[in-house]
Amino acid sequence: MHVSLLDVLRIKMEEKYEDGVKWKSLEHNGPYFPPEYQPLPDDVHFYYDGKKMKLSAAAEEVALFFAQMLDHEYTTKKVFRENFFKDWRKEMSPEEKSVIKDLDKCDFSEIHAMHKARVEARKNLSKEEKQTLKEANQKIVEEFGYCLLDHHKERIGNFKIEPPGLFRGRGEHPKQGMLKKRIQPEEVIINCSKDARIPDPPPGHHWKEVRHDNTVTWLASWTENIQGAIKYIMLNANSKLKGEKDWEKYEIARKLKSCVDDIRDTYLRDLKSKEMVTRQRAVALYFIDKLALRAGNEKEEGETADTVGCCSLRVEHITLHEQLDGSKCVVEFDFLGKDSIRYYNKVPVISKVFKSLKRFMDNKEPGDELFDRLNTSLLNKHLSSLMPGLTAKVFRTYNASITLQQQLKELTNKKLLSYNRANRAVAILCNHQRAPPKTFEQSMANLQAKVSLVERKKAAVKRCEEQLLKMEVQATDREENKQIALGTSKLNYLDPRISVAWCKNMDVPIEKIYNKTQREKFAWAIDMTEADFEF
DNA sequence: CTAGGAACTTAGGACCTACTGA
DNA sequence: TCAGTAGGTCCTAAGTTCCTAG
């Protein structure tokens with residue numbers, strides 16, 4: 001009987017718990033709430049239209065949020081200011097509301113100066129004061145930062161309720177500047193096991209609900225007021241639960257490795273389909289596979305910044321070039337992706353893809369969807385029929401990891417610059433001998449003499465050279481890294497076992513590759529990986 | 001099917017700290 | 001000794017995916 005990796009996975013998970021159950025027992029102390037608002041000292045004033053004005057606590061708190069951000073460029077943005085002012089007015093008393101009608105007439109400068117002074121003062125605290133502060137923080141971590149999951153003590157990822165403030169968002173976010181409200185215990189749902197001690201709400205308060213749902217991994221949740229999204233308190237990445245999930249993710253990506261050729265054949269064949277949906281799906285898949293684009297869910301207009309992924313690409317985001325820079329069939333991409341990060345790329349594609357794209361763009365406006373018959377759910381449904389567990393994002397994981405493995409193999413060859421040593425080893429093995437040259441003894445002695453003469457200067461030169469080399473490497477590294485964030489891929493896409501195996505093979509200490517946090521997160525991989533691991 | 005909700009992963013930026021090189 | 005930087009941590013926004021109700 002053939003047992004696939006995924007079957008093994010499923011068996012392993014089932015072994016633990018039946019269907020969807022994530023834990024048997026869960027106990028914790030609830031979330032940590034940010035401190036109450038402290039009103040401004042009496043000598044710090046807000047002015048409206050040049051006149052001193054004492055604000056109510058609620059309005060003052062929001063004014064402080066704005067004053068704190070005054071050095072940031074976005075407090076000058078129209079959308080930000082309008083959203084802020086609208087929300088601020090909601091916090092004002094009727095009297096305040098009747099007076100404060102124009103943000104331009106508001107003078108926050110004293111509040112701003114006070115804030116800057118506070119930041120400065122914090123920076124200038126003595127060593128002892130800083131230590132005291134640190135210990136106080138440590139105390140909070142000890143009390144709220146851990147939970148007991150199936151009787152194992154685990155670190156919680158984000159045990160703090162998000163403090164109130166002004167929403168920024170990324171890119172041209174239509175909701176920037178809106179007030180992100182303070183969360184009360186009455187809005188928080190606690191999740192723990194039935195037999196666990198229910199965490200105490202802050203004095204005088206109660207929880208919204210205490211539930212005992214062991215099919216989810218979160219410990220507490222609340223609904224945030226900007227997008228109406230639910231926020232969760234969950235475990236740290238170094239926890240068993242998260243680690244197993246991570247391992248599972250990479251196993252699915254490895255499974256893709258075994259069938260990616262078939263899948264590629266399939267979508268290349270689908271490019272010729274008479275069905276429009278199928279052709280669009282094939283082109284989208286081609287992009288996702290070749291360019292590691294994200295799936296691209298549709299988003300509600302006006303709720304978020306205008307960003308796209310593969311399925312939500314619009315005609316305006318690509319330009320077709322029959323001929324560009326000596327290549328045929330070039331697609332020029334220019335769009336804002338996740339976090340409003342620009343994706344710009346010129347890619348030669350196969351002619352079938354190129355022709356299909358032309359068709360998709362026929363009779364469309366720039367603002368129209370490129371893949372008008374396609375969405376992520378259709379795409380993922382198709383993918384899961386090709387391989388269980390396969391979704392669009394698996395391609396990113398797979399392509400990232402396989403690329404690392406290939407690159408490491410190539411670099412490895414170069415690194416074994418001791419080609420000559422290898423050659424010699426082979427020669428010894430094969431007994432390829434020769435008689436020592438007659439002049440060997442003398443020439444060696446000569447050399448030795450010269451060596452001791454030049455030694456000193458050489459050492460100096462060597463030091464300089466080493467410095468130079470180091471600087472050159474640094475410069476290259478920095479230049480290449482200018483716009484590249486290595487952390488994200490390391491943390492989310494690269495199967496850690498590739499790196500662990502490489503370290504073992506190359507005799508590189510794992511600390512050179514992973515910092516403490518990363519070692520904790522990837523503890524599962526460090527433990528289980530042999531040098532011969534193949535992704 | 002479609003929309004919206006829920007749960008979870010992925011992501012960049014702010015801030016903090018330890019190190020380094022002048 | 002001190003400023004500047006690199007790297008780590010924290011924070012939470014912004015994605016993906018799955019599920020459910022109509």
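Model, not experiment: these values are computed from the prediction.
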Is it the case that the base of B:dT9 and the side chain of A:Lys249 share a donor-acceptor contact (distance under 3.5 Å, atom types as modelled)?
no
Would one find a side-chain N or O of [X] under 4.0 angstrom from OP1 or OP2 of [N]?
X: A:Arg122; N: B:dC16; answer: yes
X: A:Lys393; N: B:dT10; answer: yes
X: A:Thr304; N: C:dA14; answer: no

Just the rounded figure in Å: distance from [atom2] of [N] to [atom1] of [X].
X: A:Ile233; N: C:dC10; atom1: CD1; atom2: C1'; value: 14 Å
X: A:Ile230; N: C:dG15; atom1: CD1; atom2: C1'; value: 16 Å
X: A:Glu162; N: B:dA14; atom1: CD; atom2: P; value: 17 Å
X: A:Lys231; N: C:dA14; atom1: NZ; atom2: C1'; value: 10 Å
X: A:Lys338; N: C:dA13; atom1: NZ; atom2: P; value: 13 Å
X: A:Leu293; N: C:dT16; atom1: CG; atom2: C1'; value: 14 Å

Applying a 4.0 Å non-hydrogen cut-off, can you work out what [X] is touching in the nucleic acid: base, sugar-phosphate, or nothing?
X: A:Asn297; answer: base
X: A:Lys134; answer: nothing
X: A:Thr376; answer: nothing
X: A:Thr307; answer: sugar-phosphate
X: A:Arg168; answer: nothing
X: A:Ala392; answer: sugar-phosphate
X: A:Gly309; answer: nothing

When you measure from the side chain of A:Lys245, which nucleotide among C:dC11, C:dG15, B:dT9 comes out closest?
B:dT9
So does A:Lys181 have more than 12 non-hydrogen atoms from other groups sitting under 6.0 Å from NZ?
no
